[in-house]
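Shown next, in structure tokens, is the structure this report addresses.
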2 protein chains.
Amino acid sequence: MGLAKTEIFTDTQNEIALFAKAFGHPARVAILQHLFKIDACFCGDLVKEIGLAQPTISQHLKELKYLGLIKGTVEGTSVCYCVNTEKWKEMRELMQNFLSQDILPKEDCC
Amino acid sequence: MGLAKTEIFTDTQNEIALFAKAFGHPARVAILQHLFKIDACFCGDLVKEIGLAQPTISQHLKELKYLGLIKGTVEGTSVCYCVNTEKWKEMRELMQNFLSQDILPKEDCC
DNA sequence: TTTATTCATTGCAATGATACGATTAATATT
DNA sequence: AATATTAATCGTATCATTGCAATGAATAAA
């Protein structure tokens, strides 16, 4: 059916999946890396930097903005994007919890 | 076109996206959490635990196995699944590098 | 005001992902 | 051998995602 049955999972599981899905495309990974590297960036610069069409970049930015991972403020005809560090840390906390489940060293069973 | 243009991104960016996509579904998050919790698990147990049909769980397991994050060994009619801790740590290294880009405290620009 | 620039939105085509019923393959059990 | 159990695979339906051309909206520059 192409639809994830979110209702049978915990909030945490769904939240992890949502953030992970945002990183599930190399363009969004590249956008975030670039925003971290140069602090702030206009959409047009990202189009040049990444190499995808402007509507495509705009769409990826929209998703990242929807999750709160980036912010965008209008500056004349341009829009300045940057990482929302507050939300980023919140997300990282969640993801690192998930990634660090194996603190206790265990033997692989199979 | 529904196709990510992987050729215009770096290997690292594509790799991050691949692993992230694996965590982009709550069922796979739940499967991994359960495998960590009880060390090893049969497919049938996961079907009961998660609440999705057996073919669906089997499909999710296949993806996790393809990425090397889990291992599965046949035990009679059952298949025992467990986390591949080696690969898991490798993946975590990659993801944590990405998640820790903001070590230097910066001001949000917008 | 006219033109240019910048970016969002819309609409479309193509592909991917999710879910499951039905079936198949393999081993255990009787 | 016949049956049961377990899990993979196949086929199919449905929705999601990706990408871009075309267009629209808003501000800046002439």
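We name chains A, B, ... by the order of the sequence lines, and we start the count at 1 in each one. Since this is a predicted model, take the numbers as computed values, not measurements.
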Exercise. With sequence neighbours excluded, what pairs up with A:Asp45 under the side chain to side chain contact (heavy atoms under 4.5 Å, CB included) test?
Worked result: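 A:Asp45: side chain to side chain contact (heavy atoms under 4.5 Å, CB included) contacts with A:Cys41, A:Phe42, A:Lys48.
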
With rounding to the nearest 0.5 Å, note down the distance linking [atom1] in [X] to [atom2] in [Y].
{"X": "B:Leu67", "Y": "B:Leu18", "atom1": "CG", "atom2": "CG", "value": "6.5 Å"}
{"X": "B:Ser100", "Y": "A:Lys89", "atom1": "OG", "atom2": "NZ", "value": "11.5 Å"}
{"X": "A:Tyr81", "Y": "A:Leu46", "atom1": "OH", "atom2": "CG", "value": "9.0 Å"}
{"X": "B:Thr85", "Y": "B:Leu69", "atom1": "OG1", "atom2": "CG", "value": "11.0 Å"}
{"X": "B:Glu86", "Y": "B:Met91", "atom1": "CD", "atom2": "CE", "value": "12.5 Å"}
{"X": "A:Lys62", "Y": "A:Leu64", "atom1": "NZ", "atom2": "CG", "value": "12.5 Å"}

Exercise. Has A:Lys21 got a side-chain N or O lying under 4.0 Å from the OP1 or OP2 atom of D:dA16?
Worked result: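 For A:Lys21, the contact criterion (side-chain N or O under 4.0 Å from OP1 or OP2 of D:dA16) is not met.
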
Exercise. Taking OP1 and OP2 of D:dC20, is either one under 4.0 Å from a side-chain nitrogen or oxygen of B:Lys5?
Worked result: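 Yes, because at least one side-chain N or O of B:Lys5 sits under 4.0 Å from OP1 or OP2 of D:dC20.
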
For this session: For A:Leu99 and B:Met95, work out which heavy atoms get closest and say how close.
Result: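 Smallest interatomic distance, heavy atoms only, reads CD1-CB, 3.8 Å.
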
Exercise. Do you know which two heavy atoms are closest between A:Trp88 and B:Phe98, and how far apart they sit?
Worked result: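 Where A:Trp88 meets B:Phe98 most closely, the heavy atoms are CZ2-O, 3.7 Å.
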
Exercise. How would you list, by chain and number, every residue that makes a salt bridge (charged side-chain N to carboxylate O under 4.0 Å, His left out) with A:Glu90, sequence neighbours excluded?
Worked result: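 Partners of A:Glu90 under the salt bridge (charged side-chain N to carboxylate O under 4.0 Å, His left out) test: A:Lys87.
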
For this session: Indicate for each nucleotide in nucleotides 21-30 of chain D, in 5' to 3' sequence, whether protein heavy atoms under 4.0 Å reach the base (B), only the sugar-phosphate (S), or nothing (-).
Result: BB----BS--

Exercise. Within a strict 4.5 Å, meaning less than it, do heavy atoms of the B:Asn84 and B:Lys65 side chains meet?
Worked result: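 Side chain of B:Asn84 against side chain of B:Lys65, heavy atoms only: no contact under 4.5 Å found.
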
Name the atoms and distances for all side-chain donor-acceptor pairs under 3.5 Å in residues 5-15 of chain B, with sequence neighbours left out.
{"residue": "B:Thr10", "atom": "OG1", "partner": "B:Gln13", "partner atom": "N", "Å": "3.0"}
{"residue": "B:Thr10", "atom": "OG1", "partner": "B:Gln13", "partner atom": "OE1", "Å": "3.3"}
{"residue": "B:Gln13", "atom": "OE1", "partner": "B:Thr10", "partner atom": "N", "Å": "3.0"}
{"residue": "B:Gln13", "atom": "NE2", "partner": "A:Gln33", "partner atom": "OE1", "Å": "2.8"}
{"residue": "B:Asn14", "atom": "ND2", "partner": "B:Thr6", "partner atom": "O", "Å": "2.9"}
{"residue": "B:Asn14", "atom": "ND2", "partner": "B:Thr10", "partner atom": "O", "Å": "3.3"}

Exercise answer: donor-acceptor pairs, residues 50-57 of chain A side-chain atoms, under 3.5 Å, sequence neighbours excluded:
none

Whole-Å distance separating the [atom1] atom of [X] from the [atom2] atom of [N]:
{"X": "B:Ile8", "N": "D:dT18", "atom1": "CD1", "atom2": "P", "value": "13 Å"}
{"X": "B:Ile50", "N": "C:dT18", "atom1": "CD1", "atom2": "C1'", "value": "15 Å"}
{"X": "A:Phe42", "N": "C:dA8", "atom1": "CZ", "atom2": "P", "value": "12 Å"}
{"X": "B:Lys48", "N": "D:dA7", "atom1": "NZ", "atom2": "C1'", "value": "13 Å"}
{"X": "B:Ile57", "N": "C:dA19", "atom1": "CD1", "atom2": "P", "value": "9 Å"}
{"X": "B:Glu49", "N": "D:dA7", "atom1": "CD", "atom2": "P", "value": "15 Å"}

For this session: Mind checking A:Thr56 for me? I need base, sugar-phosphate or nothing, with any heavy atom below 4.0 Å counting as a touch.
Result: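 Base, at least one base atom sits under 4.0 Å.
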
Exercise. Contact class for A:Leu52 vs. all strands (heavy atom < 4.0 Å): base, sugar-phosphate, or nothing?
Worked result: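 Sugar-phosphate, no base atom in range.
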
For this session: Could you list by number each residue of residues 22-33 of chain A showing a heavy-atom separation from DNA chain D of less than 4.0 Å, or answer none if no residue does?
Result: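 Here the set is A:His25, A:Arg28.
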
For this session: Give, ordered by number, those residues of residues 12-20 of chain B having at least one heavy-atom distance below 4.0 Å to an atom of DNA chain D; if nothing qualifies, reply none.
Result: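 None - not one residue of the stretch has a heavy atom sitting under 4.0 Å from the strand.
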
Problem set entry | Pairwise 5' ranking along DNA chain C for A:Ser58 and A:Ala4, keeping only the more 5' one |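 The 5'-side residue here is A:Ser58.
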
Solution key, residues 19-31 of chain B side-chain donor-acceptor pairs under 3.5 Å, sequence neighbours excluded:
{"residue": "B:His25", "atom": "ND1", "partner": "B:Ala27", "partner atom": "N", "Å": "3.0"}
{"residue": "B:Arg28", "atom": "NE", "partner": "B:Ala22", "partner atom": "O", "Å": "2.7"}
{"residue": "B:Arg28", "atom": "NH1", "partner": "B:His60", "partner atom": "ND1", "Å": "3.0"}
{"residue": "B:Arg28", "atom": "NH1", "partner": "B:Glu63", "partner atom": "OE1", "Å": "3.4"}
{"residue": "B:Arg28", "atom": "NH1", "partner": "B:Glu63", "partner atom": "OE2", "Å": "3.2"}
{"residue": "B:Arg28", "atom": "NH2", "partner": "B:Lys21", "partner atom": "O", "Å": "3.3"}

For this session: Residues of residues 59-66 of chain B with any non-hydrogen atom less than 4.0 angstrom from an atom of DNA chain C: list those, numerically ordered, please.
Result: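 Within residues 59-66 of chain B, the residues near DNA chain C are B:Gln59, B:His60, B:Glu63.
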
